[in-house]
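From a predicted model like this one, the values you see are computed outputs, not experimental measurements.
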Amino acid sequence: MKTHRSSSQWKSLFTTVLPLAALTATGAWAGPLRPLTEGLDQATLKADAQHMRRLFEKKAPASTEDFVHIDLADPAQHRFVMNRLHAAGKTQRNAPRLFERLAMARQKALTRKEPGIGRSTLTTEAWGCDHFVVLDNGATVSGERQYTSGPVGSCLNGASYIYADVVATNANYAETDATIVASAADEEYAKGTNFNTVAVNPSLPVNGQRQLIIDSMMIAMNEDTGEERVTFTASQVAVTTVAASVNLEHPRFSGAVKPSIASCQLRGGNDCDYAVVNNALQPYAASATGIAMRNPAISSWTGDGAAFFPFPTGTSFSSSKVYVPLKLTFDAGSDLTACNITSVLPVTKLRLIKTIQGGTCVTSADLQQDFNAGIGHQTAPVNRLLDLSRETPAAGTAAADCSMARITNEAVELALTISTKANCGRGEVNRTVTYRSKSKWNWDLYVWNSCMAEGTKIVRADGTSAPVESIQRGEQVVANDSGLLLTVTDVSRGGEDKPLVRLGDDKGHQVLLTETHPVLTSKGAVAAAALKVGDRVMTQAGAATLTTVKREAYAGQVYNLTLGTEQELLAAGKLDRTMYANGFRVGDNTMQAELSGPKAKTGPVLARLPKAWHADYRNSPSFQR
């Protein structure tokens with residue numbers, strides 16, 4: 001028979017197992033969570049972290065995760081969690097729901113009595129979180145190298161609450177002489193999709209006999225599913241005279257001026273840096289053989305033969321997969337001698353962080369094999385097209401659910417971690433570098449879903465109509481019934497592997513659109529697939545009623561336009577990035593991206609946060625600020 005406990009009973013249970021009862025509980029505070037070194041002595045902090053790192057190092061080599069699940073049934077691991085939280089300033093008094101949930105998680109782990117790690121989590125198919133450490137190669141000034149490091153936490157569909165901390169340690173290789181040089185902690189409520197505000201900047205004297213060790217704990221809670229993720233991860237690098245580094249050639253901008261790198265896998269225009277091409281380097285062909293970067297020397301989109309990445313042997317293009325070209329050279333650096341790579345660690349991988357939906361997409365194949373060619377050498381080259389269709393973790397599985405349908409029109413961030421062991425003349429040491437794109441670039445993977453069938457007539461500025469495929473950049477089209485003219489700034493084209501939507505109205509108009517193409521109605525912009533017979537739509541002849549809405553197979557090319565110069569858009573309304581297509585008023589590329597792309601959760605935190613967490617949030621530094 002199950003035993004049901006009240007909230008007060010859970011708190012009572014948790015109080016009996018707290019290892020730090022002597023710590024003073026506080027109420028609300030102003031300012032950020034305190035550095036861990038201000039709330040806990042170095043000896044305890046180091047001993048706890050060293051114990052967790054040993055567990056981390058023993059994790060299964062085949063694991064797809066770069067962290068270990070902390071086992072709250074293990075007294076030592078439970079004590080580690082409690083010490084870190086209290087050191088940061090979290091107590092039962094100022095965070096009652098957090099400690100209540102941890103008590104429930106510990107009781108689940110104790111009751112199950114199963115072997116191995118991860119006993120504190122439920123198994124569902126809806127939720128998972130990635131947790132990894134970013135560590136740059138440091139900048140050397142006056143004999144000291146300053147690093148920037150911190151954890152990233154990203155939960156699929158977000159989290160009710162997320163906490164992360166980081167501790168930086170200067171140690172010899174045996175870790176018999178170690179000093180904590182920096183620490184930090186932070187938390188976030190009602191988001192948890194791209195938590196990256198925790199960072200340290202430790203400075204270490206350049207000394208090939210020393211290393212920087214970074215470790216991090218993360219707690220993520222999902223009030224909707226009753227799940228939690230309590231995880232630990234670590235990274236380290238030897239502080240040699242010449243740091244490890246990466247020369248990244250691809251992905252990169254092709255030369256277009258925009259805020260992100262765009263890869264258009266089904267269709268796109270000149271705003272695409274990369275596209276799927278055939279052997280003639282033409283995009284969006286049925287006989288696709290790989291992905292190429294745009295050749296900026298040619299006005300129309302043509303691939304650059306020097307930047308072509310074929311699909312792996314034995315595979316062909318799949319419109320559901322997420323592809324990223326990767327070309328780089330990793331340099332392990334030097335100390336007494338060149339740092340020759342001896343092995344490549346499993347944490348070596350490429351990620352795409354879904355900043356709005358949460359979770360990360362990673363390579364389906366381990367990158368270790370690509371770097372193995374560098375073993376015995378100082379440098380390791382990689383030149384390969386990667387499939388990043390696997391979610392990490394996909395609700396605790398390795399399911400391929402980072403499909404294009406799930407990532408379309410979301411500006412994801414790229415994180416590349418390379419971790420090796422190398423011999424630099426003093427024995428084997430760690431050489432780790434992680435680059436995260438936020439400070440350099442975003443990587444946008446686009447399937448431009450809003451398109452019209454070839455032959456669709458568009459109304460030009462002079463009132464005449466022309467097939468969409470004949471419209472050129474620089475032309476103007478009629479945007480609305482007030483005569484607003486917008487300049488065509490780009491033309492996208494490609495294929496479509498789903499049936500199109502045929503619309504017909506009572507004024508005799510007919511048009512064939514892809515399912516997410518925006519159509520202007522009496523209720524605003526609506527995706528074509530969401531329309532039904534009887535809906536009122538806007539046309540060149542005024543408001544009309546839909547008489548036909550049906551799906552239709554289509555094997556031809558599809559096209560769309562991007563409309564409006566910066567000056568023109570200042571005078572346009574929110575729903576004016578439109579044109580007349582076979583008489584229907586429809587949206588352009590930008591309107592479609594805004595209509596169908598994932599939406600970030602906005603509004604007051606308390607309105608989005610489950611009530612059980614309201615007291616914690618009101619006591620939190622973010623509420624106090």
A.B. asks: Would you say Asn222's side chain and Ala159's backbone share a donor-acceptor pair under 3.5 angstrom?
C.D. replies: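 Judged by distance alone, no pair lies under 3.5 Å.
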A.B. asks: Evaluate the salt bridge (charged side-chain N to carboxylate O under 4.0 Å, His left out) criterion for residues Arg585 and Asp576: first the C-alpha distance (whole Å), next the side-chain angles of each, then the deciding distance (0.1 Å), finally the verdict.
C.D. replies: CA-CA 10 Å; Arg585 189 177 170 202; Asp576 282 339; 3.0 Å; yes
A.B. asks: Can you tell me how far SG of Cys361 sits from CG of Leu414, rounded to the nearest 0.5 angstrom?
C.D. replies: 11.0 Å
A.B. asks: Should Val558 and Leu500 be marked as a side-chain contact (heavy atoms from CB on, under 4.5 Å) after you check the CA-CA gap, both sets of side-chain angles, and the distance that decides it?
C.D. replies: CA-CA 10 Å; Val558 290; Leu500 270 59; 4.2 Å; yes
A.B. asks: Begin with the C-alpha distance, continue with both residues' side-chain angles, and end with the deciding distance and a verdict on salt bridge (charged side-chain N to carboxylate O under 4.0 Å, His left out) for Asp387 and Lys321.
C.D. replies: CA-CA 7 Å; Asp387 172 7; Lys321 291 187 175 181; 3.7 Å; yes
A.B. asks: Provide the closest heavy-atom pair for Gln472 versus Val491 in the form atom of the first, atom of the second, distance.
C.D. replies: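 Between these two residues, the closest heavy atoms are C-CG2, 4.5 Å.
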A.B. asks: Parallel under 30°, tilted from 30 to 60°, perpendicular over 60°: which one fits the rings of Tyr274 and His250?
C.D. replies: perpendicular
A.B. asks: Which atom pair, heavy atoms only, marks the closest approach of Trp301 to Gln282?
C.D. replies: O-OE1, 4.1 Å
A.B. asks: Apply side-chain contact (heavy atoms from CB on, under 4.5 Å) to residues Arg493 and Tyr559 and explain how you reach the verdict.
C.D. replies: CA-CA 4 Å; Arg493 69 177 180 86; Tyr559 293 80; 3.5 Å; yes
A.B. asks: If you round to the nearest 0.5 Å, how far is SG of Cys155 from CE of Met218?
C.D. replies: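 Rounded to the nearest 0.5 Å, the CE-SG separation comes to 5.0 Å.
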A.B. asks: What distance do Asn560 atom CG and Thr456 atom OG1 have between them, rounded to the nearest 0.5 Å?
C.D. replies: 10.0 Å
A.B. asks: Kindly indicate, with the supporting measurements, whether the criterion side-chain contact (heavy atoms from CB on, under 4.5 Å) is fulfilled by Lys601 and Thr193.
C.D. replies: CA-CA 10 Å; Lys601 296 177 181 178; Thr193 56; over 6 Å; no
A.B. asks: Do we see a donor-acceptor contact under 3.5 Å between the side chains of Glu410 and Gln357?
C.D. replies: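 Glu410 vs Gln357: donor-acceptor pair found between side chains.
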A.B. asks: Check whether any side-chain heavy atom of Arg460 sits under 4.5 Å from a side-chain heavy atom of Ile471, and report yes or no.
C.D. replies: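 Yes; the side chains approach each other to less than 4.5 Å.
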A.B. asks: Given Ile219 and Met221, is the side-chain contact (heavy atoms from CB on, under 4.5 Å) satisfied, shown in steps?
C.D. replies: CA-CA 7 Å; Ile219 299 172; Met221 298 288 186; 3.8 Å; yes
A.B. asks: What are the two closest non-hydrogen atoms of Ala543 and Met538, and how far apart are they?
C.D. replies: CB-CE, 4.0 Å
A.B. asks: Check for me whether Arg351 meets the cation-pi criterion with Phe132, that is, NZ or CZ under 6.0 Å from the six-membered ring centre and within 45 degrees of the ring axis.
C.D. replies: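 Checked: cation-pi criterion met.
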A.B. asks: To the closest 0.5 Å, what do you measure between CD (Glu496) and SG (Cys451)?
C.D. replies: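 The SG atom of Cys451 is 8.0 Å from CD of Glu496, to the nearest 0.5 Å.
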A.B. asks: Nearest heavy-atom pair of Thr547 and Val533: which atoms, and what distance?
C.D. replies: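 Closest approach of Thr547 to Val533: O-CG2, 3.8 Å.
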A.B. asks: Quick check for you: to the nearest 0.5 Å, what is the distance between Thr514 atom OG1 and Asp497 atom CG?
C.D. replies: 11.0 Å
A.B. asks: Within this structure, what is the CG-CD distance for the pair Leu513 and Glu552, rounded to the nearest 0.5 Å?
C.D. replies: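 Leu513 atom CG to Glu552 atom CD measures 11.0 Å (nearest 0.5 Å).
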A.B. asks: Is it the case that the side chains of Glu188 and Thr197 hold a donor-acceptor pair, with the cut-off being a distance below 3.5 Å and no angle test?
C.D. replies: no
A.B. asks: So with a 6.0 Å cut-off around NZ of Lys507, is the heavy-atom count from everything else above 12?
C.D. replies: yes
A.B. asks: Spell out, as yes or no, whether a donor-acceptor pair under 3.5 Å connects the side chain of Thr521 to the backbone of Val537.
C.D. replies: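 Absent.
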A.B. asks: Run the salt-bridge test on Arg101 and Glu223 with the 4.0 Å N-O cut-off and return the result as yes or no.
C.D. replies: yes
A.B. asks: Write down the atom of Ser263, the atom of Trp443, and the distance for their closest heavy-atom approach.
C.D. replies: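 Heavy atoms only, the tightest pair is CB-CZ2, 3.6 Å.
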A.B. asks: Any side-chain to backbone donor/acceptor pair from Arg618 onto Ala615? Under 3.5 Å, distance only.
C.D. replies: no
A.B. asks: Do you see a donor-acceptor pair shorter than 3.5 Å between the side chains of Asn589 and Ser492?
C.D. replies: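 Yes, because at least one side-chain N or O of Asn589 sits under 3.5 Å from a partner of the opposite role on Ser492.
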A.B. asks: My understanding is that only one of Leu386, Leu385, Val276 makes a side-chain contact (heavy atoms from CB on, under 4.5 Å) with Tyr323; could you say which?
C.D. replies: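 Answer after filtering Leu386, Leu385, Val276: Leu385.
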A.B. asks: Check Glu594 against Lys599 and note the closest heavy-atom contact, atom names and distance.
C.D. replies: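 The pair with the smallest heavy-atom distance is O-NZ, 2.7 Å.
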A.B. asks: Between Trp613 and Tyr189, how do the two ring planes meet: parallel, tilted or perpendicular, split at 30° and 60°?
C.D. replies: perpendicular
A.B. asks: Any sub-3.5 Å donor-acceptor pair from His131's side-chain atoms to Asp66's backbone N or O?
C.D. replies: no
